[in-house]
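These notes are about the structure you will find just below.
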Amino acid sequence: MTRTCSQNSSRRLFEAGVLPYYLHLLDRVRGAAHFDVPEESARLIAGQLAARLPGYLVPRLAREVYGAPAKVVLAPDLPR
């Protein structure tokens, strides 16, 4: 998903009454590798969204980590 696509999705979700909450990184399961986005790329996309959208439209970048008690939220890589 590109930054522009994510940006449009966040706006459209809000128009439909839904606040985007999480943007999940892929769980590493068999058969899903072709959907994988490297964490570095995902953090960059999240940072670009944060720079262009109001805070309430920016979903938190998250990943499930085996054994962790909750989702792990990753900081966006903000553009300089």
Check for me, please, whether Leu23 and Leu74 land in the same ILVMFWY cluster - side-chain distances under 4.5 Å, paths through other members count. yes

ring-ring contact (aromatic ring centres under 6.0 Å, His included) against Tyr56, all qualifying residues, sequence neighbours excluded: Phe14

Can you run down the side chain to side chain donor-acceptor pair (under 3.5 Å) pairs that involve residues 10-28, sequence neighbours left out, and say none if there aren't any? Tyr21-Arg60

Hey, any chance Leu57 and Leu13 share a hydrophobic cluster, counting ILVMFWY side chains that come within less than 4.5 Å of each other, even indirectly? no

Stepwise side chain to side chain contact (heavy atoms under 4.5 Å, CB included) check, Arg63 with Lys71: CA-CA 6 Å; Arg63 154 180 312 262; Lys71 291 175 182 61; over 6 Å; no

Find out whether Gln7 and Leu53 are in side-chain contact, i.e. whether some heavy atom of one side chain is under 4.5 Å from a heavy atom of the other. yes

Look up atom CG in Leu78 and atom CZ in Arg43, then write down how far apart they are to the nearest 0.5 Å. 9.0 Å

Quick check: closest heavy atoms across Ala32 and Leu26, and the distance to 0.1 Å? O-CD2, 3.3 Å

Which atom of Val58 lies closest to which atom of Leu49, heavy atoms considered: CG2-O, 3.8 Å

Nearest heavy atoms of Val37 and Leu25, plus distance in Å: O-CD2, 4.1 Å

